[in-house]
Number of protein chains: 2
Amino acid sequence: MAQARPMRADARRNYERLLQVAAEAFAEHGENASLERIARRAGVGAGTLYRHFPTRHALLEAAYVDRIEALGRRADELAQRLPPGEALTEWLHELCVATIQLRGMKALLGAAVADGGAAAATACGTAVQGAAGRLVAAARAQGAVRADLEPIELLRLAHGVATASELANRRGEEIRRYLTLLTEGLRP
Amino acid sequence: MAQARPMRADARRNYERLLQVAAEAFAEHGENASLERIARRAGVGAGTLYRHFPTRHALLEAAYVDRIEALGRRADELAQRLPPGEALTEWLHELCVATIQLRGMKALLGAAVADGGAAAATACGTAVQGAAGRLVAAARAQGAVRADLEPIELLRLAHGVATASELANRRGEEIRRYLTLLTEGLRP
DNA sequence: ACCTGAACACCGTTCAAGT
DNA sequence: ACCTGAACACCGTTCAAGT
């Protein structure tokens, strides 16, 4: 998405500053961090925040889109280094860690795999659904996962595993265990 | 928990009215429903709400504790009618449906299986952890589930499955599918 | 013993006035 | 073209005053 016209210098400065402060605020307080405080800490008026980011979700997405896209690239790195089944498992683990680590990330990743329509169009939705699609296709071709497994449902289940791990503690210590239970199933 | 002294008639009336309005409000708007509006709709001052329910969570728990305890009894009904493995699966399904159905329920059930310590002491924690404990023990004795499966982690994973299903839609149509994936595992 | 509702602090969001 | 900050509505929470 190339910027048609470059932003005015002061606007650009405010924009960057808002993103930086927002990333911290969302990481610490979650998706409901106070927007008014973000504006204040960034040294801009409330109106400036709303001009750059018309909705809370727009700010949240802008604040974390880099990390999400890095996760997308990470999928391909893992696909090169590891057999398809292991690459998938390892990527899911990193996805879950990211989900828990920054408090605001959970809402963002949730929205990125919600519902179907609108989510897939966002940058985060594209990155994460694309990555999962490639990893699942490769794993399926090798017979490492069941043939009827859809990438989108796997992403939702991974979000569920992250949620479950978060209920145990915020440190993510249970992620491996819960991911193993999901992969292997509950039967003996 | 027997009431040491019965409440004064007006207090009792306010208490009941608050619970009723709160149950509707939480069901519709989720756990963050406006407390001030609940008080207003119940026709009481804000102070009265806080007197009866010192925290938002206390009100949420009081509003839904009946339903949660019914779910606990339901576990034993199912255990009588069905083989242990099926009873467990069916109960998990009903638990997930309940989790999604009333918007406020998710936060309550989440808290009931969070973290260990404080949760187990609440009425909801006791009911739900007790039920899961009995069902898992029976299923384990029959070899229907893996021997190392802890009730608490199963409850957390079920909460994750409910979360995953909610990402697909609020109608719970995906619950069976996601529960099957969890039970059977992701491998072919 | 219990209730009311004003009071305070804080926040989301908009918009007239500025540069 | 962009910014500021006052203004409005709404909410959580407390507490003095009532009955």
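To find a chain, count down the sequence lines: A is the first, B the second, and so on, and within it residues start at 1.
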Whole angstrom value for the distance that separates [atom2] of [N] from [atom1] of [X]:
X: A:Tyr15; N: D:dC2; atom1: OH; atom2: P; answer: 13 Å
X: B:Arg17; N: C:dT4; atom1: CZ; atom2: P; answer: 12 Å
X: B:Arg40; N: C:dC3; atom1: CZ; atom2: C1'; answer: 18 Å
X: B:Glu16; N: C:dC3; atom1: CD; atom2: C1'; answer: 17 Å
X: B:Leu59; N: D:dG12; atom1: CG; atom2: C1'; answer: 13 Å
X: A:Tyr50; N: C:dC15; atom1: OH; atom2: P; answer: 13 Å
X: B:Leu49; N: C:dG5; atom1: CG; atom2: C1'; answer: 14 Å
X: B:Asn32; N: D:dG12; atom1: CG; atom2: P; answer: 9 Å

Counting only Watson-Crick or G-U wobble pairs whose two distances fall under 3.5 Å, which nucleotide matches D:dA7?
C:dT13
What is the base-pairing partner of C:dT19, counting Watson-Crick and G-U wobble geometry with both distances under 3.5 Å?
D:dA1
Determine: side-chain N/O of [X] to OP1/OP2 of [N], distance under 4.0 Å, yes or no.
X: A:His52; N: D:dC3; result: yes
X: A:Thr48; N: D:dC2; result: no
X: B:Arg37; N: D:dC10; result: no
X: A:Asn14; N: D:dC2; result: no

Could A:Glu153 and A:Arg156 be called an ion pair, given the rule that one side-chain N must be under 4.0 Å from one carboxylate O?
no
Salt-bridge contact A:Arg56-A:Glu61 (side-chain N to carboxylate O under 4.0 Å)
no
Could you please name the option among D:dG12, C:dT13, D:dC2 that lies closest to any side-chain atom of A:Ala11?
D:dC2
Please tell me whether B:Ile152 and B:Leu149 are part of a single hydrophobic cluster in this structure, the criterion being side-chain heavy atoms less than 4.5 Å apart.
yes
N/O donor-acceptor pair under 3.5 Å between A:Glu31 side chain and A:Leu60 backbone:
no
Can you check whether A:Ile100's main-chain N or O pairs, donor with acceptor, with A:Arg170's side chain at less than 3.5 Å?
yes
Mapping A:Glu36 and B:Gly47 to their closest nucleotides on DNA chain C, which lands nearer the 5' end?
B:Gly47
Judged by nearest nucleotide, the residue sitting upstream toward the 5' end of DNA chain D, B:Ser34 or B:Arg8, is B:Ser34
